[in-house]
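We count residues from 1, following the sequence as given.
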Amino acid sequence: MVLEATIICIDNSEWMRNGDYSPNRFQAQSDAVNLICGAKTQSNPENTVGVLTMAGKGVRVLVTPTSDLGKILACTHGLEIGGEMNLAAGIQVAQLALKHRQNKNQQQRIIVFAGSPVNYDKKVLEMIGRKLKKNSVSLDVVNFGEEDEGKAEKLEALVAAVNNNNSSHIVHVPPGPNALSDVLISTPIFTGDEEGGSGFAAAAAAASAGGLSGFEFGVDPNLDPELALALRVSMEEERARQEAAAKRAAEETAEQEKGENQPAIQDVGMTENVSAGISESESKASDLMDDDNALLEQALAMSMGSTSNDATRDINMQEAASDEELAIALKLSLQDVENDQSNPTDMSKLLTDQSYMSSVLASLPGVDPNDPAVRDLLASMQSQSESEEKKDEDNASKEDKN
């Protein structure tokens, strides 16, 4: 496969409006340009193609040499037709564009479409041809359209001046039923200088233009089985890569959705735990309250019991003495009696001592020692004390006799 940088010079002069080529000269030329661009880029992935126009207001470069086929095919849409073709200026600008190519290892080639009369002398064209040969630039010329006197001769002289080891070609395409692109497919402009390159160039060109749909990838496996196999393997690898990328994207999406749902699940779990904790706390609190209530009821019952006992005791004391003040005095006396139980003899003596008891009762608030009830009580206490003393003496005497 030849590594080339190619510039295609398009004739967009007023002569391109003629309809002797279907549908017209300019459209037939555009179809042929598209086929050539496809053939060049398909033959070697490092090939580059550029396009310029030679008529109108002047020579204009539509696209510099590039391997982007879509960019190349789009540049020919919407071109304006008008003016005269400037063949010499177009070739010189093309040579300058090739000189500034990025890959200096690429061979240089210019393809010229001449569909209108050539206004330059033969000698001028030969001089341009020798300059191209000196700079190692190959030239292909497509002569179609106007067949004025001397046009074919001038173009042949130009190609002869450039030609070096049969690297340059000229093709004459007369008007007829065949499309311009169909005629060029079988010419060296497509096939190149290599033997057996015709089939591949034609297949690549037809594939780029969508005209060869019978073969996979636009390549006939009978003509080039290695290329067909390489394209098939490349397609399988690309398909596997796309499937892996789609699977990875789906997994990432699933992980993101899972990460978004997990906080909600955690919140629900935390809410349930909090609710369970609250319920448990409430149950514990209710149990404690029940225990407290039971203890409180027990304490109340005990207090009520003690209160009832105290009340019973007070009632008995009130029954023993009709006067409340006397009951208080009796309580105090009983306390003193309990404190002095260790010495009952002295206690009895004190109780029988009326003067002492009178002074004790007089010291009590609200107690009148001269009250008849008090006097009767003291007398009964004195008599009781005396009877007890007599009884004690009798017991003592009996013990002495024994």
Side-chain angles (χ1 to χ4, degrees), residues 4-18 20-21 25-26 28-29 32-33 36 49-62 64-65 81-101 106-175 180 183-184 187-190 192-193:
E4 282 186 337
T6 305
I7 294 290
I8 300 177
C9 301
I10 297 177
D11 184 359
N12 60 328
S13 64
E14 289 288 347
W15 302 91
M16 294 297 102
R17 300 183 187 275
N18 199 320
D20 51 352
Y21 294 84
R25 291 183 182 179
F26 185 77
Q29 176 186 224
V33 169
I36 293 174
V49 180
V51 180
L52 60 82
T53 57
M54 299 183 293
K57 297 180 179 180
V59 177
R60 184 162 66 99
V61 178
L62 301 180
T64 56
I81 298 175
E84 298 289 336
M85 179 184 69
N86 191 342
L87 180 60
I91 294 174
Q92 291 174 355
V93 172
Q95 179 185 357
L96 184 62
L98 291 174
K99 183 178 181 181
H100 292 88
R101 67 191 184 281
Q106 293 173 326
Q107 298 182 12
Q108 305 174 73
R109 182 174 294 275
I110 298 174
I111 300 176
V112 176
F113 283 84
S116 57
V118 177
N119 298 326
Y120 289 94
D121 293 337
K122 182 179 178 180
K123 293 182 178 180
V124 175
L125 296 177
E126 289 178 347
M127 182 179 64
I128 293 173
R130 287 193 293 269
K131 185 177 181 180
L132 293 176
K133 183 178 181 180
K134 181 180 180 180
N135 290 290
S136 301
V137 179
S138 301
L139 178 65
D140 293 332
V141 177
V142 179
N143 180 22
F144 71 106
E146 295 301 317
E147 292 292 341
D148 60 339
E149 295 181 0
K151 177 185 176 182
E153 184 181 355
K154 293 177 182 179
L155 295 175
E156 289 178 355
L158 173 62
V159 172
V162 178
N163 193 14
N164 182 18
N165 297 324
N166 199 25
S167 61
S168 300
H169 314 88
I170 183 171
V171 177
H172 302 280
V173 183
L180 182 60
V183 177
L184 293 178
T187 62
I189 294 177
F190 275 89
D193 301 329

Determine whether [X] and [Y] make a side-chain contact, defined as any pair of heavy atoms from C-beta on separated by less than 4.5 Å.
X: Gln29; Y: Met16; result: yes
X: His169; Y: Thr187; result: no
X: Asp140; Y: Thr6; result: no
X: Val112; Y: Ile8; result: no
X: Ile7; Y: Val51; result: no
X: Asn143; Y: Val171; result: no
X: Gln108; Y: Glu4; result: no
X: Val142; Y: Ile189; result: yes

[X] and [Y]: which non-hydrogen atoms are nearest, and at how many Å?
X: Gly90; Y: Met54; result: CA-CG, 4.0 Å
X: Trp15; Y: Pro117; result: CE2-CD, 3.4 Å
X: Asp11; Y: Ala114; result: OD2-C, 4.1 Å
X: Gly145; Y: Asp20; result: CA-OD2, 4.4 Å
X: Cys9; Y: Ala94; result: SG-CB, 4.0 Å
X: Ala32; Y: Phe190; result: O-CZ, 4.4 Å

Which residues share a side-chain hydrogen bond (donor to acceptor under 3.5 Å, both in side chains) with Arg130, sequence neighbours left out: none
Set of residues satisfying side-chain hydrogen bond (donor to acceptor under 3.5 Å, both in side chains) with respect to Glu156, sequence neighbours excluded: His172
